[in-house]
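To start, the structure under review is shown below, and the notes come after it.
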2 protein chains.
Amino acid sequence: MSKQPKVPISAALASYRKPTLKTIAELSGLAVPTVSRALKDAPDINSETKKLVRKVATEIGYVPHPAGVRLRTGRTFVISLVLSTSNEMMTHAARLMAAMVKELRGTPYHLIITPFFPDEDPMTPVRYVVETGAADALILNETTPDDARVKYLLERGFPFATHGRSRYCEQHPYFDYDNLSFGRIAVEALVQKKRRFIWMLAPPPQHNYALNMIEGAKTACTNQGLTLYVSEAINSEQSIEEVTQKVTELLKNEPQLDAFICASTNAAIGVTAALEALGKTIGVDMDIVAKEAIPFLKLFRPRMLIMQEDVTAAGTWLCQAVLQAIEHPERAPLQNLEIPQFAELEKQL
Amino acid sequence: MSKQPKVPISAALASYRKPTLKTIAELSGLAVPTVSRALKDAPDINSETKKLVRKVATEIGYVPHPAGVRLRTGRTFVISLVLSTSNEMMTHAARLMAAMVKELRGTPYHLIITPFFPDEDPMTPVRYVVETGAADALILNETTPDDARVKYLLERGFPFATHGRSRYCEQHPYFDYDNLSFGRIAVEALVQKKRRFIWMLAPPPQHNYALNMIEGAKTACTNQGLTLYVSEAINSEQSIEEVTQKVTELLKNEPQLDAFICASTNAAIGVTAALEALGKTIGVDMDIVAKEAIPFLKLFRPRMLIMQEDVTAAGTWLCQAVLQAIEHPERAPLQNLEIPQFAELEKQL
DNA sequence: CATTTTTCCTAAAACGATTTAGATTAAATC
DNA sequence: GATTTAATCTAAATCGTTTTAGGAAAAATG
């Protein structure tokens, strides 16, 4: 009863070319649109026909040509991760990517890295992707409190998710860490170690998470009757060498300092290098609280107080969020997630 | 004398849609193919016409639609970097990517990461890219001595370059490090420190560079009347924790060991953790030679002997190589490059 | 038996770019 | 002045897919 291919498949394979819908159509004696509709299980195609088409398709290894699909439908099956090319790309972004790539495995989607450079407008790559339809969804990193990219994407109704919050964050999926608590817990940890003069190496203040972190630490300091020292000039995005040099300078002028809060691996290493060059020992003369994405500092200097950010979880979650946004935009936007990962630090106290 | 647009541009912009060749054609009163040929500076188009077309194009911000171009020409303007999702992706691959992204800036090309998973055939992603035309060129990482991917790409005539050599490497552009020398110099450095029992944590032996490295070290050991200890079971691609655990075990059985050669940052950290847990001090009880992509170990333990691999240079060079292969395949293949980066290590001796 | 409905398929157009072949006009040649 | 040549443009086809509209045959209805 089952329908038969019109042309033997070996004949089609003899002169090799990448199979298209046309190939299947010729082999099965059907029209191209019929094949197309059969493959996507449309209701107006006979089930015997569908079976035949699917059989031929798998037999000759048919894969839809992305350019054809994209031209006709606008779909690219690409997720774009927007990353700054600054040094952060080296560490936490790599983990993020690895998690996303794993999450996308088995789906038709690919991950593409859309870089932007410190000297150019962060809007440029975002506009490019939206206007050319280079991707089906965007994932933004390192949001600012009043992020123009987020505003733009919301206005355009383009699917996206952010790693970090902004003032618009109630309106879209995001993944963020509770940096307010990080600031607070870091200070409390240091106070418990009898430290009184705390300097914070925060991220540059344009980033939303920098503000949270600083606010948390400041409030905690005020509650303890302390002052938090923090300066834009020494920040956690600088290179190890830069931090080392600046902290060395700093300690000459402010010898009373006895604690540092570091927002990155680089910063923690830089501070350590400066301290040790001055003959100071971590955990004895000074204490350092640090936050990092890759579990490394604990091995570097075991007496550091470490908080881990689970970037892998972020990558996984963000991927799921944008896939949802692409394929089921009608569903309520995904819950905004917020994971405090301070158990470790609190245990260390 | 200069030709004028037929329709005022404001009119076209009023109802916003992404401009195409058709938009330019309507505005300038020309046919679509004429516009296309004018934009690519074809010889049979009047220079006045070209001027007009170019003016209109920039004015309305025309950008060719990638799907249109790809469908017609097969060109994607994508370079695919094939990466294993194993832990190496975290460190050296991130640098590689950053360098490539910077190198591609200003060109029409994009970088896409094509992952492959340890449990799948490395051929899969390569075949996929070639057969679907997902990219214009490939960059392979971590070659094996008899790399099936390289063989396949050579047979197909698909543009590519490799990071690492193989038996086919005379036939295509590659970037590699002189690991033979690394092995030799590492041993010589340790001998000079009066070490006699050297264990090497090499990469898994399927990798070409592992073989070079081991051979270099073995030959040097033989020349010095020593034996090189090396085992597949403890390799440089394992996690820090795994290395620590295995080396701890190892030192119980082989207490005479007084030196390690580590082929990765992870391995060096893992070995350090194991040694220090046993109360041994680097540079005193033991010596470690290590090779890494990110200048980090020197800060971690200053007495380690470090060799840097310039992965940034690799990324830059590989990009240039594949662009050349795409755009001027007729030119003699780029010189195969080989950079020994041992000056630092030799200085340390 | 004539008519309507259902089922299942095809034809044609469209997405945006490029290429091949051909057409028109002007300039050059005899 | 007729013919060739050069210069410059247009028409049509194509890449692979999807969508809309419509058509033919079979089945159901009166």
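Below, read A as the first sequence line, B as the second, and so on, with proteins coming before strands; counting in each chain starts at 1.
Ion pairing between B:D119 and A:R105 holds under the 4.0 Å rule for side-chain N and carboxylate O.
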Dump the intermediate steps for ring-ring contact (aromatic ring centres under 6.0 Å, His included) on B:H172 and B:F160, then the final yes or no.
CA-CA 8 Å; B:H172 63 84; B:F160 74 106; 4.8 Å; yes
Quick one: do A:R165 and A:E170 satisfy salt bridge (charged side-chain N to carboxylate O under 4.0 Å, His left out)? Show the steps, please.
CA-CA 9 Å; A:R165 281 165 292 180; A:E170 297 303 322; over 6 Å; no
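Remark: the B:Y152 side chain and the B:D147 side chain contain no N/O donor-acceptor pair separated by less than 3.5 Å. A donor atom on one side chain and an acceptor atom on the other are found under 3.5 Å apart for B:S80 and B:T114.
A heavy atom lying under 4.0 Å from DNA chain C marks the following residues of residues 32-45 of chain A, by number: A:P33, A:T34, A:D44, A:I45. Within residues 62-77 of chain A, the residues approached by DNA chain C to less than 4.0 Å at the level of any non-hydrogen atom are A:L71, A:R72, in residue-number order.
Considering CD1 of A:I79 and OG1 of A:T107, their distance stands at 7.5 Å, rounded to 0.5 Å.
Rounded to a whole Å, the CD1 atom of A:I24 is 11 Å from the P atom of D:dT18. Between B:L21 atom CG and C:dA14 atom C1' there is a gap of 16 Å when expressed in whole angstrom units. Between the NZ atom of A:K18 and the P atom of D:dT14 there is a distance of 20 Å, rounded to whole Å. Per the geometry, CD belonging to A:E26 stands 13 Å off P belonging to C:dT10, to the nearest Å. We find that CD of A:E48 is positioned 15 Å from C1' of C:dC9, with the value rounded to whole Å. Rounded to whole Å, the distance from CG on A:N46 to P on D:dA26 is 13 Å.
Counting all heavy atoms, side chain and backbone alike, B:V150 lies closest to B:S166 at CG1-OG, 4.0 Å.
Note: A:Y128 and B:H110 meet the aromatic proximity criterion, with ring centroids under 6.0 Å apart.
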